[in-house]
There are 2 protein chains.
Amino acid sequence: MIQSRMVPWDHLTIMKRKVSNSKVLNVALKLFSSKGYSETKMVDIARDAGLSVGSLYLRFKNKEELCLDIIKDQTKDYFQRAEDLAKKADTDALKTLEDYISFSFDCSMKKQQMLHIFYREYRLPFIQPMRSHFFKTQQKLIESILKKGIKSKSIRPLNTKDAAISIFASIRGTIMIKLIYGVGSPSVLSKSLFDLICHGVRKGKP
Amino acid sequence: MIQSRMVPWDHLTIMKRKVSNSKVLNVALKLFSSKGYSETKMVDIARDAGLSVGSLYLRFKNKEELCLDIIKDQTKDYFQRAEDLAKKADTDALKTLEDYISFSFDCSMKKQQMLHIFYREYRLPFIQPMRSHFFKTQQKLIESILKKGIKSKSIRPLNTKDAAISIFASIRGTIMIKLIYGVGSPSVLSKSLFDLICHGVRKGKP
DNA sequence: CTTTAAAATGAACGATGGTTCATATGAATC
DNA sequence: GATTCATATGAACCATCGTTCATTTTAAAG
């Protein structure tokens, strides 16, 4: 019981706080994703979480930091999982590419609330660094899969850098379309995108 | 000279107004695209255009309508040009697809200021109808190119609806990446995307 | 029961910015 | 010069939040 006085961190606190921090983050995520960042008011978050505005400011420095905390919370294990997945490209690059695309879709669907924050108001300045980091790592990751595929001859020789950008853009574009317009099922979109990226539309051999 | 009293429309008014409407639209476009819709204040637009706030409200009902007027102004002949282009698919579907992609890139680069409005704050409710219309028409257009290509055997048989969505998403995704991160030259991106869509990454015949 | 301090409260503050309106300007007409 | 009316002005109005802070509540410790 001493701990509840000494450590303020959420997961160690034993029922001193009425409402847990993760509850607040979830509520805020829901609001940001449904109404947008600037349309979501601090009072809304407080009300929905069952707290007062004042309490919010005891836990988060301000609105921006609250938003950043959400994003950190939502992305914490994505990068490692993507990295692990890419390692398999030594064995079968095309299969790895397929897995990566389907993994991207899965994650995006699970985290679509968070993605709404990214796609809306896409230049909220404090989000830019995270977006940039995501782009760079994923582009390099796709490039590494392509290189391995070319080496093992399952992928035709091509400019890996340009192709990686195109593939990354295609994946993110499709996810964006899905999120904005709600068309198509994720699995069909994912499958049909891989089919396109893998074979192209042209008839006959390349 | 009588006209200047009788018709308030911009292009017919002979120097009664200090500042033309199209000047205002251009100034506002510049501000919206560089700072974002909600970060752009009506006073900013007024100042940069060399007008008072009051005058702005004599010309545009409110901020939203001003923004819509900009978009209408910027997109007025896009749709017809895209339609005309697609007609050529009877002759050579692959070439038409290539042209469509490069046309999309060209337009997007010329109108990138306007696109910033679309990609930022992407759910400004009053913009949704326009976005939706764009998606539907372009998807149908791509689908029609694919169908013609399949008929004339330059394109392999595939689910044209799914493929059209993937292709549309890839194009828009690539343009978005270009606008957000500024990576790559438009012509290289366009070329490399067509290469991907046309051939895919796989080695050997499909 | 008293003390203590973390946690919670919400009214009040202050800055912001879209919109309005009473007033002014100026060019055309008589 | 007087009249008229489109155009222009910008201070003022009003609503909207993000943020703060003096005060209260809660519950563990003594």
Side-chain angles (χ1 to χ4, degrees), chain A residues 1-25 27-28 31-32 35-70 121 124-126, chain B residues 1-25 27-28 31-32 34-70 117 121 124-126:
Chain A
M1 290 303 121
I2 299 169
Q3 291 196 336
S4 71
R5 302 286 297 276
M6 300 186 66
V7 287
W9 301 298
D10 201 53
H11 57 292
L12 292 178
T13 307
I14 321 281
M15 285 295 90
K16 175 95 194 196
R17 283 178 162 164
K18 289 171 54 175
V19 175
S20 71
N21 260 10
S22 69
K23 160 93 180 179
V24 176
L25 290 180
V27 161
L31 287 170
F32 282 145
K35 306 167 41 154
Y37 178 80
S38 33
E39 279 67 38
T40 300
K41 316 304 170 196
M42 290 301 264
V43 260
D44 296 338
I45 299 173
R47 185 186 1 84
D48 285 16
L51 264 178
S52 65
V53 209
S55 292
L56 271 190
Y57 280 88
L58 288 177
R59 293 152 180 239
F60 306 94
K61 198 178 142 224
N62 52 34
K63 196 181 172 188
E64 289 192 357
E65 202 164 281
L66 170 55
C67 185
L68 286 178
D69 278 3
I70 293 173
E121 299 170 271
L124 290 177
F126 62 93
Chain B
M1 291 303 121
I2 297 168
Q3 292 197 335
S4 72
R5 302 285 296 276
M6 301 185 68
V7 288
W9 302 297
D10 202 55
H11 57 289
L12 292 178
T13 307
I14 321 280
M15 284 294 90
K16 175 95 194 205
R17 283 177 161 164
K18 287 171 57 178
V19 175
S20 72
N21 259 11
S22 69
K23 161 92 179 178
V24 175
L25 290 179
V27 161
L31 286 170
F32 282 145
S34 64
K35 306 171 40 156
Y37 177 80
S38 33
E39 278 66 40
T40 300
K41 316 306 170 195
M42 290 299 267
V43 261
D44 297 338
I45 299 173
R47 185 185 3 84
D48 285 18
L51 264 177
S52 67
V53 208
S55 293
L56 271 191
Y57 280 88
L58 289 176
R59 293 152 180 239
F60 305 94
K61 197 177 141 226
N62 51 34
K63 198 182 172 188
E64 291 192 357
E65 202 164 281
L66 170 55
C67 185
L68 286 177
D69 278 3
I70 292 173
I117 301 179
E121 300 168 272
L124 290 178
F126 62 94

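None of these values were measured; they are calculated from a predicted model. Residue numbering restarts at 1 for every chain, and letters A, B, ... go by the order of the sequence lines.
Rounding to the nearest 0.5 Å gives a distance of 6.0 Å between NZ of B/Lys63 and OG1 of B/Thr40. Interatomic distance, B/Asn21 CG to B/Asp69 CG, rounded to the nearest 0.5 Å: 8.0 Å. Of the inter-residue distances, the one linking B/Ser38 atom OG with A/Tyr37 atom OH reads 11.5 Å to the nearest 0.5 angstrom.
Between A/Arg17 and D/dT26 there is no side-chain N or O to OP1 or OP2 distance below 4.0 Å.
Two residues are said to be in side-chain contact when any heavy atoms from C-beta on lie closer than 4.5 Å; B/Lys41 and B/Lys35 fail this criterion. Using a 4.5 Å heavy-atom cutoff, the side chains of A/Ile70 and A/Phe60 are not in contact.
In this structure, A/Asn21 places its CG atom 12 Å from C1' of C/dA7, rounding to the nearest Å. A/Leu58 places its CG atom 14 Å from the P atom of D/dA22, with the value rounded to the nearest Å. One atom, CZ of B/Arg47, and another, C1' of D/dT9, lie 16 Å apart when rounded to the nearest Å. Atom pair A/Leu66:CG and D/dG18:C1' shows a separation of 12 Å (rounding to whole Å applied). Atom NZ of A/Lys18 is separated from atom P of D/dT25 by 13 Å (rounded to the nearest Å).
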Validation: residues 46-58 of chain A side-chain donor-acceptor distances under 3.5 Å, sequence neighbours left out:
{"from": "A/Arg47", "atom 1": "NH2", "to": "A/Asp44", "atom 2": "OD1", "distance (Å)": "2.7"}
{"from": "A/Ser52", "atom 1": "OG", "to": "A/Ser55", "atom 2": "N", "distance (Å)": "3.3"}
{"from": "A/Ser52", "atom 1": "OG", "to": "A/Ser55", "atom 2": "OG", "distance (Å)": "3.2"}

(message) Protein within reach of the bases, or only the backbone? For nucleotides 11-24 of chain C, mark each nucleotide 5' to 3' as B, S or -, using heavy atoms under 4.0 Å.
(response) ------SSBB----
